*Asks:* 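Dropping a structure here in structure tokens format, bear with me for questions.
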Amino acid sequence: MPEGHTLHRLARLHQRRYAGAAVAVSSPQGRFAAAASAVDGQVLRRASAWGKHLFHHYIGGSTVHVHLGLYGSFTEWARPPDEAMPAPVGQVRMRMVGAEYGTDLRGPTVCELVDEAQVADVVAKLGPDPLRADADPSWAWTRIAKSRRPIGALLMDQTVIAGVGNVYRSELLFRHRINPFRPGQKIRDAEFDAAWTDLVALMKIGLRRGKIIVVRPEHDDGAPSYRPGRPRTYVYRRAGEPCRVCGTVIRTAELEGRNLFWCETCQT
DNA sequence: CCTCTATGGCGAA
DNA sequence: TCGCCCTAGAGGC
């Protein structure tokens, strides 16, 4: 699901599957048809991600820029031995076919052909990405430390930190006992440093496992949550359920147009 | 089967 | 602030 870890995982997968060889690119739905023909048959050089943005860099300079939005997704399929391709299901905006695998993109907010300058424009609007080795957290700290906006809003702002979405926002603030409505300028330096370090570690777990897992073993008591299996979150979508740490009923409110979750006892 | 909700972000009003 | 994009899983009946 599309927070930053998902896009980095896709970049890694697409590079492994398709880089170094010609890729057949098409648009069964048609909305990406003209652009698809420009890269159809070109060799993919590499795939990369910055925050929630995914880039397919083709040799020659053409790049496909994808943003999944709320419900965009890639579905991978193995190529059948008889050369027949599976019929597209639903609105397939872009289909990529390599030697052994194909993948279908459905429901993205953005799927467009861009040049190197446009890639730079997209990236220039994004804050540091915790999953990138070159991330500079001091840029984010400068923005947060001088802002009166609530930290719960700043974390959702992709120009402050790129890749954090609605789950990591609530969960990170819970783990660091920070109330989401506290203004950025009331966050202490040491709190930010600890939260950033933790965020990098959490998103690396998300990248490796393909899902957001933030609950420490000592808090994993098997209590009912909205998802089956072991608990993975402390507060996200747990409104009305007891806090895993103190038992207080988890609260919810809308912040930046998205549902926020927190424990008013643990987070100050 | 139907209805609801969603991990996002853009552009129109 | 709202509609859109138009997918996909969960839950109700």
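We name chains A, B, ... by the order of the sequence lines, and we start the count at 1 in each one. Model, not experiment: these values are computed from the prediction.
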*Asks:* Which nucleotide wins on minimum distance to the side chain of A:H5, given the candidates C:dT7, B:dT7, B:dG9?
*Replies:* B:dT7

*Asks:* How long is the line joining CG of A:D104 and P of C:dC6, in whole Å?
*Replies:* 15 Å

*Asks:* Roughly how many Å apart are B:dC1 and C:dC6, using the P atom of each and rounding to a whole number?
*Replies:* 23 Å

*Asks:* Checking salt bridge (Lys or Arg N to Asp or Glu O under 4.0 Å) between A:D157 and each of A:R143, A:R258, A:R169, which is the one that passes?
*Replies:* A:R143

*Asks:* Verify whether one side chain among A:R177 and A:Q267 offers a donor that lies under 3.5 Å from an acceptor in the other.
*Replies:* no

*Asks:* May I have the distance from A:L105 (atom CG) to C:dT7 (atom C1'), rounded to whole angstrom?
*Replies:* 11 Å

*Asks:* For C:dT7 and A:R93 - does any side-chain N or O of the residue sit under 4.0 Å from the phosphate oxygens OP1/OP2?
*Replies:* no

*Asks:* Distance criterion of 3.5 Å, no angle test: do you see the side chain of A:T109 paired donor-to-acceptor with the base of B:dG8?
*Replies:* yes

*Asks:* Please determine if a side-chain N or O atom of A:H67 lies less than 4.0 Å away from the OP1 or OP2 oxygen of B:dG8.
*Replies:* no

*Asks:* For a quick check of understanding: with a heavy-atom distance under 4.0 Å over all strands, which category does A:G165 fall into, base, sugar-phosphate or nothing?
*Replies:* sugar-phosphate

*Asks:* If I take atom CD in residue A:Q29 and atom P in nucleotide C:dT7, what distance separates them, rounded to the nearest angstrom?
*Replies:* 9 Å

*Asks:* Need one value for A:E171: base, sugar-phosphate or nothing, where a base atom within 4.0 Å counts as base even if backbone is also close, heavy atoms only.
*Replies:* nothing

*Asks:* Can you tell me if the side-chain N/O atoms of A:K52 get under 4.0 Å from OP1 or OP2 in B:dT7?
*Replies:* no

*Asks:* Between atom CG in A:N166 and atom P in B:dA6, what is the gap in whole Å?
*Replies:* 9 Å

*Asks:* Is A:Y236 near enough to B:dT7 that one of its side-chain N or O atoms lies under 4.0 angstrom from OP1 or OP2?
*Replies:* yes

*Asks:* Using the P atoms only, state how far B:dC4 lies from C:dG3, rounded to an integer number of Å.
*Replies:* 16 Å

*Asks:* Can you confirm if the NZ or CZ of A:R17 lies within 45° of the ring axis of A:Y101 and under 6.0 Å from the centre of its six-membered ring?
*Replies:* yes

*Asks:* Using the C1' atom as the reference point in each nucleotide, state the distance between B:dC10 and C:dA8 in Å, no decimals.
*Replies:* 22 Å

*Asks:* Counting only side-chain nitrogens and oxygens, does A:R106 get under 4.0 Å of the OP1 or OP2 atom of C:dC5?
*Replies:* no

*Asks:* Between P on B:dG9 and CD on A:E112, what's the gap in Å once rounded to a whole number?
*Replies:* 14 Å

*Asks:* Measure from the side-chain N and O atoms of A:T63 to the backbone N and O of A:D115, and report whether any donor-acceptor pair falls under 3.5 Å.
*Replies:* no

*Asks:* Can you tell me how far C1' in C:dT1 sits from the matching atom in B:dT7, rounded to whole Å?
*Replies:* 22 Å

*Asks:* Roughly, in whole Å, what's the span from CD in A:Q91 to C1' in C:dA8?
*Replies:* 15 Å

*Asks:* Distance check needed: B:dA6 P versus A:Y168 OH, whole Å only.
*Replies:* 19 Å

*Asks:* Relative to the 5' end of DNA chain C, which residue comes earlier, A:S73 or A:L70, by the nucleotide with the nearest heavy atom?
*Replies:* A:L70

*Asks:* Quickly work out the A:L7 CG to B:dG9 C1' distance and round it to whole Å.
*Replies:* 13 Å

*Asks:* Among A:F174, A:F181, A:Y234, find the one that has a ring-ring contact (aromatic ring centres under 6.0 Å, His included) with A:W262.
*Replies:* A:F181

*Asks:* Could you tell me the separation between the CH2 atom of A:W196 and the CG atom of A:L172, rounded to the nearest 0.5 Å?
*Replies:* 10.5 Å

*Asks:* Under 4.0 Å, heavy atoms only, any strand: does A:R258 hit a base, just the sugar-phosphate, or nothing?
*Replies:* base

